[in-house]
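Presented below is the structure to which this report refers.
Chain identifiers are assigned alphabetically (A, B, ...) following the order of the sequence lines, protein sequences preceding nucleic acid strands; residue numbering begins at 1 within each chain.
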There are 2 protein chains.
Amino acid sequence: MPSYKAPVEDVLFLLNDVFGFARYSNLPGFSDATPDVVEAILSEGAKLCEEVLTPINLSGDAEGCTRHPDGSVTTPKGFKAAYDAYVGGGWNGLSMPAEYGGQGLPATINSAIQEFVSSANIAFGMYPGLTQGAMAALLAHGTEEQKQTYLPKMIEGVWTGTMNLTEPHCGTDLGLLKTRAVPNPDGSYGLTGTKIFISAGEHDLSENIVHLVLARIEGAPAGTKGISLFVVPKVLVNADGSLGERNGVSCGSIEHKMGIHANATCVMNYDGATGWLVGEANRGLNAMFVMMNEARLAVGIQGLGLSEVAYQNAVAYAKDRLQGRALTGAKAPDKPADPIIVHPDVRRTLLSIRAFNEAGRALVLWTALQADVAHRSADPAERQAAEDHMGLLTPVVKGVLTDRGFANAVEAQQMFGGHGYIEEWGMSQFVRDARIAQIYEGANGIQAMDLVGRKLPRDGGRAMMRFLAEVEGFCKENGADETLKVYAGPLAKALGDLQKATMWLMQNAMAKPDNAGAAATDYMHLMGLVALGYMWARIAKAAAARKAEGSGDAARLDAKLSTGRFYMERILPETGTRLARISAGADAVMAVPAELF
Amino acid sequence: MPSYKAPVEDVLFLLNDVFGFARYSNLPGFSDATPDVVEAILSEGAKLCEEVLTPINLSGDAEGCTRHPDGSVTTPKGFKAAYDAYVGGGWNGLSMPAEYGGQGLPATINSAIQEFVSSANIAFGMYPGLTQGAMAALLAHGTEEQKQTYLPKMIEGVWTGTMNLTEPHCGTDLGLLKTRAVPNPDGSYGLTGTKIFISAGEHDLSENIVHLVLARIEGAPAGTKGISLFVVPKVLVNADGSLGERNGVSCGSIEHKMGIHANATCVMNYDGATGWLVGEANRGLNAMFVMMNEARLAVGIQGLGLSEVAYQNAVAYAKDRLQGRALTGAKAPDKPADPIIVHPDVRRTLLSIRAFNEAGRALVLWTALQADVAHRSADPAERQAAEDHMGLLTPVVKGVLTDRGFANAVEAQQMFGGHGYIEEWGMSQFVRDARIAQIYEGANGIQAMDLVGRKLPRDGGRAMMRFLAEVEGFCKENGADETLKVYAGPLAKALGDLQKATMWLMQNAMAKPDNAGAAATDYMHLMGLVALGYMWARIAKAAAARKAEGSGDAARLDAKLSTGRFYMERILPETGTRLARISAGADAVMAVPAELF
């Protein structure tokens, strides 16, 4: 059975040494998050993930969820107890406002915990994960009464939440959605329609499930401008907060999926279910975007989490499995063969994953920190800069971390040879589970279009210009440093490729939008390569500083510096290929007529 | 349920227009393979794959194989009838010698059929596929009596074959294997040991199963030089060829795998089973290599086959699914949205797969044709050149076609959004099935080491020099041609990268073998990119010639030419990244101590 150890030490190094977490102590909630408190929280979360969630991951995959004839759904063995331990530990409310029962701590800390949970048991993590998304929407757009009704129970964990967007004929293109909302005399609405792919739509973990549902109010305009957001509890809530009658919403079936078997993916049938408008009528997509940004960051973190746990298990196997001899002579002459970690191709594989994981973790924490600043800073200029960053980096975190996370899970599985293909070893599950993260919350092609079509040109390219200037500034500042130039040099070259690609888009995509569409995925990955390269440069700088001051484990700091060099030499050069593809333009992409595909 | 249409027309175009199949009519068996006969065979094979094997693919995955308490194994519903249709059609003997009941036709034709079968139902195809490998070993190394005993029955299909190499503690490193063979007074041996991952090890399709088994004769030297090959039938064969007693070999369990569920992957227990030596004692690995080369080509073809069927289904979905509008304005204004094939990012994805498939098919047929020349030509120089080609290209076909084949299946699945993740749509199966091809018959890292460590330096680099010279010759000859320069130009540039990488290895890998190990996978892919690029250049030349002479469907020929341009502009530039990685050397790869992974 796979094992997992949460990278607490690495998170602390990133927060304290790389991003100077202490500098943010003026933000609300941050003053409580002293280094000691952060370390204690992370260690506690690590323990839960390692000891409670990891042991039920493989068995949860094998057992899956069961839907009963009455529409109820049972989660796999051990999930209810684990859920109780999870919410009992207060993890649902970690960064939720104190007024509704939360602890108000930085969302950055929550992001680190999300990574641990995703590594330990992604299918489990989706139950509280969806609840977080639903809470975010209620917090941002709900009335005070709605907040008081739902948030305390959701933070406590006795109620969970979901997001209901997709219908059979519409996923990306929500303008096509058909679920109808008919006004009731009391101000509520009756919702009727079918939603599909509803994660955590029905289960046995909580007393109630709070569905956030997109629907079209009778007579509303067609397309995306006629969509409203509703809150529809599975069990209606009485005026005193107690549970009342069952609402007209039920799980019609659950899907047989490639992975995340332990999470119930439901078809939800709304048959005149009672719901209440959240936010303004016909502005539902707007309200939903709040949930989506949070959710997209969380999905990127899932990609990272699966890459990390797959890496850890591949390393353990590579140290244990004896097969062949090192090219440079036996390394374990007392054994029948050397452990396969002696082989350069095995190390290359493992380092590729690790070089991604450590920089990916940095990118997540950096972006989460900007989310905290955007939500909590008193300074409008600081807030705007942080929002720019978040908007720009969210599709990159989602798209790149899940694409690479999946590819890394596959590479880690490959280390096991034939054993990797056998389900009982657990590597197949990591691959199958990681696959969903590329698809849901906006398939990665949509993330790329969001980046190129929306985030890049927004406000005259302000966010992108700031990002480019920041990386360029770092390269200039550190390019001559004896230790850092092996990072700053390649980074500057890769940044040049990103600048050229950006310029090419500015000159060629306005007049011919297909040039943007044909470039989008490569541009997203080019941006990801540079952002992760920048993270490595900053990590290297922090590691070099620690080494210079003689604090920390020198061998571990050297390993960081080597892994960063590996990234610069072996991964970052991909920017050249990405630039070549982008600047090839759309001609060959659009030339073949549809009927000849 | 997924559908499949075999690319008969494309195979004929490649054979006739690109490779001039008719030029080989002097080889034994080729004179029977006139264009009409080849077309008839391919069409008949296509029909079987489309109408018999495709319909039981998804259901076979869902049902899987069942092992019963007595050790017998049942294949999924419909498999026995499909197998009877398959062997009844004579497909087992297509390119087997006439003296044992085969048709003696070119193996090239067989390779095309293997692609169709892999697309239609890879799990099914493995039953006759393993039989082919076993027959190849018996043909090359068996005594005449062994051939007479086994081959006619295997060609007829009433007996099947397997390859038994792997043991729990040894996969790649066969020198560690422990299965013992004790000589019996009658010249046979008693085999005892456990083999794992034995595909088609037990099933209900045939009366007998002919196991080819690696074992160590008592007292043989340790390591790879003490391994012998044995033939061990499941049911012993009487002197008159009839079936006798059950032999001491049985299926202990079947594996629960990520994919190829309909093929039984068995733990095989040998308890003093009676076997007969095949070839010389202690030269078993040598004999096994004959099977492995055939099998590696066949596994590369599996990668191609899954990429093709995944592509076809993704195209069908992309033409059908309505979502969003084209960036350049509605293309289907009468419908609620445009089919997603209007979106550049969707087309980019589909063309990436297609550009690989068409060139991959060419590479397979080109290599298979060389195998035919190597086996059948009367001219020693021609045979040597063909053997060089086969040896050099086999690891590339296996490694690159399966890595890209899997990646393409994933990309095709991505086109379906959330539906791609649901098992009933069948795309998940293609991904899960394609995954094994990267692992078995030598994991792809092993293929890369075989290429760099063995095939490349062999005979002073003769095979590689010939390959480089051939591609260079093509580029020079066609670089000035108005139509062909857009192919020859980029190909020449990519070839330059391959030449530089080869030179770098020559200068840096002798003294420091880790430089070869760290470069191997990237070198294999670099070689694959150039080989596929060369295929595209030759396809383009043939298509341009057809267009110039006004024969063939001009629109289809234009689509070929466009797809080739797409390859040159969007896929081939990856050679630059591969070269950069290779020439980075092994330092950063080897720097981190094993205990700090």
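In this structure, chain A has no heavy atom under 4.5 Å from any part of B/A448. For B/V342, the part sitting under 4.5 Å from any heavy atom of chain A is the backbone (N, CA, C, O) and nothing else. Contacts between B/I341 and chain A at a heavy-atom distance below 4.5 Å involve the side chain alone, from C-beta outward. For B/E595, the part lying under 4.5 angstrom from a heavy atom of chain A is the backbone only. In this structure, chain A has heavy atoms under 4.5 Å from both the backbone and the side chain of B/H256. Of the two parts of B/R348, the backbone and the side chain both hold a non-hydrogen atom closer than 4.5 Å to a non-hydrogen atom of chain A. Both the backbone and the side chain of B/K257 come within contact range of chain A, with heavy atoms under 4.5 Å apart. In this structure, chain B has a heavy atom under 4.5 Å from the side chain of A/L176, while its backbone stays farther away. Interface remark: B/P168 contributes backbone atoms only to the contact with chain A (heavy atom separation under 4.5 Å). Residue B/D522 touches chain A through its side chain alone, counting heavy-atom pairs closer than 4.5 Å. If you measure heavy-atom distances from B/M449 to chain A, the contacts under 4.5 Å come from the side chain alone. Heavy-atom distances place both the backbone and the side chain of B/I260 under 4.5 Å from chain A.
Around atom NZ of A/K319, more than 12 heavy atoms belonging to other residues, nucleotides or ligands sit under 6.0 Å away. Surrounding CZ of A/R556 are at most 12 heavy atoms belonging to other residues, nucleotides or ligands under 6.0 Å away.
Contact of the A/L351 side chain with the B/F597 side chain is registered, since non-hydrogen atoms from C-beta on lie closer than 4.5 Å.
Checking side-chain atoms of A/Y487 against main-chain N and O of A/G564 turns up no donor-acceptor pair under 3.5 Å.
The aromatic rings of B/Y317 and B/F416 sit parallel, their planes meeting at an angle under 30°, below the 60° perpendicular limit.
A/S428 and A/R432 form a side-chain donor-acceptor contact under 3.5 Å, judged by distance and modelled atom types alone. Side-chain atoms of B/R570 and B/S352 include no donor-acceptor pair closer than 3.5 Å.
Looking only at heavy-atom pairs under 4.5 Å with chain B, the residue among A/F197, A/F406, A/Y440 that has the most is A/F197.
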